[in-house]
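Report on one structure; see the data block that follows.
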Protein chains: 2
Amino acid sequence: MLGLKLPFKQQQFEAREEAILDAVNSLLSRKGYDLMTMDDVAEAVGIAKGSLYKHFSSKEKLAAAAMVRLLNETLVELDAMPEAWSAIDRLEGMLRWSLEHRLKGGVPHLPSTRGAFQRSLLMNLDYVAAAMKLNKRVYALIDEAKLHGDIAQDMPNEVVAFTLYARSCDPTVDFLRQSKTLSDAEIVDALVDTTLRGLTGSRRKALRRKPDAHPPAAAPRSLARTR
Amino acid sequence: MLGLKLPFKQQQFEAREEAILDAVNSLLSRKGYDLMTMDDVAEAVGIAKGSLYKHFSSKEKLAAAAMVRLLNETLVELDAMPEAWSAIDRLEGMLRWSLEHRLKGGVPHLPSTRGAFQRSLLMNLDYVAAAMKLNKRVYALIDEAKLHGDIAQDMPNEVVAFTLYARSCDPTVDFLRQSKTLSDAEIVDALVDTTLRGLTGSRRKALRRKPDAHPPAAAPRSLARTR
DNA sequence: GTCTATACACCGATAGAC
DNA sequence: GTCTATCGGTGTATAGAC
């Protein structure tokens with residue numbers, strides 16, 4: 001009896017941390033890192049602000065923990081996919097899951113803020129480790145999909161990976177939702193469609209850029225910088 | 001002589017406003033709206049903070065003015081394109097221009113912040129007017145491109161438009177730049193490529209989703225909400 | 001109009017009682 | 001560990017001298 005008391009309290013402690021991360025997850029997606037205050041989090045969880053700091057020693061640690069949890073959930077989701085799915089199916093599945101997760105009020109995979117948050121994340125060892133683990137998995141899938149001819153060979157892997165990640169924090173999602181003409185399911189379909197097949201839609205055989213067409217490949221004005 | 005004095009002062013006044021907007025443009029792209037302070041702007045321009053409020057009565061007005069100027073510049077760019085260009089060429093040209101503008105340190109077309117800025121913009125009459133004007137132009141181009149078979153017919157116009165706008169505030173741009181493996185010109189090419197032709201690359205005739213393939217169209221888990 | 005100085009509010013983090 | 005109260009710092013906006 002007495003031997004169970006400590007594990008119980010510990011279990012309760014971890015349950016509260018989960019509740020905190022849920023609140024952070026929701027707030028982070030609605031207001032972003034900069035506008036999310038510790039008061040917001042405390043109020044959403046139903047505890048005092050001071051108590052928050054007994055669980056997480058800073059706002060940055062708190063937000064990073066939520067991001068790490070998301071990355072790990074994504075990995076679990078990848079592992080839970082049907083055996084029959086090919087590499088491109090899994091990548092599409094991950095993208096769908098991300099978009100649905102976001103539409104339900106979850107954090108995006110990438111920090112959309114151009115602020116201090118991104119930099120603090122890169123100095124957080126837990127986050128970097130989780131990100132690298134997921135990234136390795138995704139890169140392997142991309143390589144496999146390229147072998148199957150499902151992804152253009154000449155597309156750099158990092159472009160593919162970041163494009164997939166970034167779609168979950170694309171403001172297009174918010175704007176489409178605000179315009180109210182598409183359901184959530186249709187928004188997901190549209191985003192998946194444009195991401196994988198582009199605006200031209202690879203269903204059509206006719207390609208826009210014929211071998212000897214006029215040259216819109218170059219920039220309209222010579223603004224290109226090699227940096 | 002004396003008749004020119006007033007126009008001169010006025011000209012000087014407007015030149016200073018241009019300088020202010022340049023600074024805002026740069027700061028807004030680097031730090032985002034929330035992290036950009038009026039002190040930052042004042043220091044960048046080289047004037048006192050109090051003087052700023054003689055030109056713009058609030059931070060929101062200031063940021064909105066920068067966004068309006070960007071939208072108008074985009075319209076000018078669209079009008080300056082070669083006559084021979086088709087609708088899809090112009091849309092691609094606009095996308096390229098946006099990406100290059102962003103890589104040179106300019107504001108993105110959409111407010112990436114999930115904060116109060118977006119809401120304040122929608123209550124700014126000047127911004128809404130400029131956005132509607134550009135939007136009308138873009139929608140016309142999309143319709144024309146669809147007629148030519150350059151854009152998938154079943155893609156809603158708003159999805160196409162927002163996808164084009166959103167690409168200029170895509171965090172992929174930042175991450176690719178940080179990884180240092182691609183030049184700025186290559187980043188632009190890659191982004192334009194994925195946007196128009198998707199990750200699968202519509203150069204290949206073989207399409208991923210055959211008519212009677214297995215069904216990855218449905219979500220991996222039934223997370224779809226009709227809302 | 002441009003400057004300096006300041007009012008007012010908010011937020012992250014801490015202190016200390018219980 | 002949870003609470004209330006508070007410190008220190010920062011940011012928007014304004015006041016007032018020149």
Side-chain angles (χ1 to χ4, degrees), chain A residues 5-21 23-24 27-28 30-66 111 113-121 123-124, chain B residues 5-21 23-24 27-28 30-66 111 113-121 123-124:
Chain A
K5 202 177 178 186
L6 196 87
F8 171 71
K9 291 207 76 170
Q10 190 174 342
Q11 190 177 343
Q12 196 179 11
F13 184 85
E14 287 172 7
R16 185 145 31 212
E17 289 212 340
E18 284 292 305
I20 293 175
L21 290 185
V24 171
L27 285 166
L28 216 48
R30 290 208 315 273
K31 316 182 71 172
Y33 178 78
D34 299 320
L35 266 66
M36 178 188 77
T37 71
M38 295 301 265
D39 292 273
D40 289 336
V41 180
E43 189 191 22
V45 181
I47 62 178
K49 180 166 60 168
S51 306
L52 263 185
Y53 284 86
K54 298 290 180 181
H55 293 264
F56 299 94
S57 60
S58 74
K59 185 185 178 184
E60 292 185 350
K61 294 259 181 66
L62 178 56
T113 37
R114 201 170 315 293
F117 184 44
Q118 180 180 326
R119 199 162 38 82
S120 91
L121 272 182
M123 301 204 306
N124 184 303
Chain B
K5 201 178 181 185
L6 196 86
F8 171 72
K9 290 207 78 170
Q10 189 174 343
Q11 190 178 344
Q12 195 178 13
F13 184 84
E14 287 172 6
R16 185 145 32 216
E17 289 211 341
E18 283 293 304
I20 293 176
L21 289 184
V24 171
L27 284 165
L28 215 48
R30 289 208 316 272
K31 316 183 72 171
Y33 178 78
D34 299 320
L35 265 67
M36 178 189 78
T37 70
M38 296 299 268
D39 292 275
D40 288 335
V41 180
E43 190 193 21
V45 181
I47 62 176
K49 180 165 61 169
S51 306
L52 264 185
Y53 284 87
K54 298 290 180 182
H55 292 265
F56 300 93
S57 59
S58 75
K59 185 184 177 186
E60 292 185 352
K61 294 257 181 64
L62 178 57
T113 38
R114 200 170 314 296
F117 184 43
Q118 181 181 326
R119 198 161 39 81
S120 91
L121 272 181
M123 301 202 307
N124 185 304

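Naming: A, B, ... by sequence-line order, numbering from 1 per chain.
A heavy-atom distance below 4.5 Å is found between the side chains of A:Leu21 and A:Phe56.
One finds a side-chain N or O of B:His55 lying less than 4.0 angstrom from the OP1 or OP2 phosphate oxygen of C:dT2. Put simply, B:Arg16 has a side-chain N or O that comes within less than 4.0 Å of OP1 or OP2 on C:dT2. Distances shown here put a side-chain N or O of A:Ser51 below 4.0 Å from the OP1 or OP2 atom of D:dC3.
Comparing A:Thr37 and A:Ser57 by the nucleotide of DNA chain C that holds the closest heavy atom to each, the one mapping nearer the 5' end is A:Thr37. Both A:Gly50 and B:Glu60 lie near DNA chain D, and the one whose nearest nucleotide falls closer to the 5' end is A:Gly50.
Atom CG of A:Asp34 is separated from atom P of C:dC10 by 18 Å (rounded to the nearest Å). In this structure, NZ of B:Lys49 is placed 12 Å from C1' of C:dC8, rounded to the nearest angstrom. For the pair B:Ile47 CD1 and C:dT2 C1', the interatomic distance rounds to 9 Å; values are reported in whole Å. With rounding to whole Å, A:Glu43 atom CD is found 11 Å from C:dC11 atom P. Atom CG of A:Asp40 and atom P of C:dG12 are 8 Å apart (whole Å). For the pair B:Asp39 CG and D:dT14 P, the interatomic distance rounds to 15 Å; values are reported in whole Å. The interatomic distance linking B:Leu35 (CG) with C:dC11 (P) rounds to 14 Å, in whole Å. For the pair B:Gln11 CD and C:dG1 C1', the computed distance is 18 Å after rounding to whole Å.
With D:dT4, D:dA13, C:dA13 as the candidates, the nucleotide lying closest to the side chain of A:Ala48 is D:dT4. The side chain of B:Tyr53 lies closest to D:dT14, out of C:dA13, D:dC3, D:dT14. Among the nucleotides C:dG12, C:dT2, D:dT12, the one closest to any side-chain atom of B:Lys59 is D:dT12.
Within the nucleic acid shown, B:Lys54 comes within 4.0 Å of at least one base atom, counting heavy atoms only.
Separating the CE atom in A:Met36 from the NZ atom in A:Lys59 is a distance of 5.5 Å, to the nearest 0.5 Å. To the nearest 0.5 angstrom, B:Leu35 atom CG is 4.5 Å from A:Asp34 atom CG. Distance check, rounded to the nearest 0.5 Å: CG of A:Asp40 to CD of A:Glu43 gives 7.0 Å.
When all heavy atoms of A:Ala63 and A:Val24 are compared, the closest pair comes out as CA-CG1, 4.4 Å.
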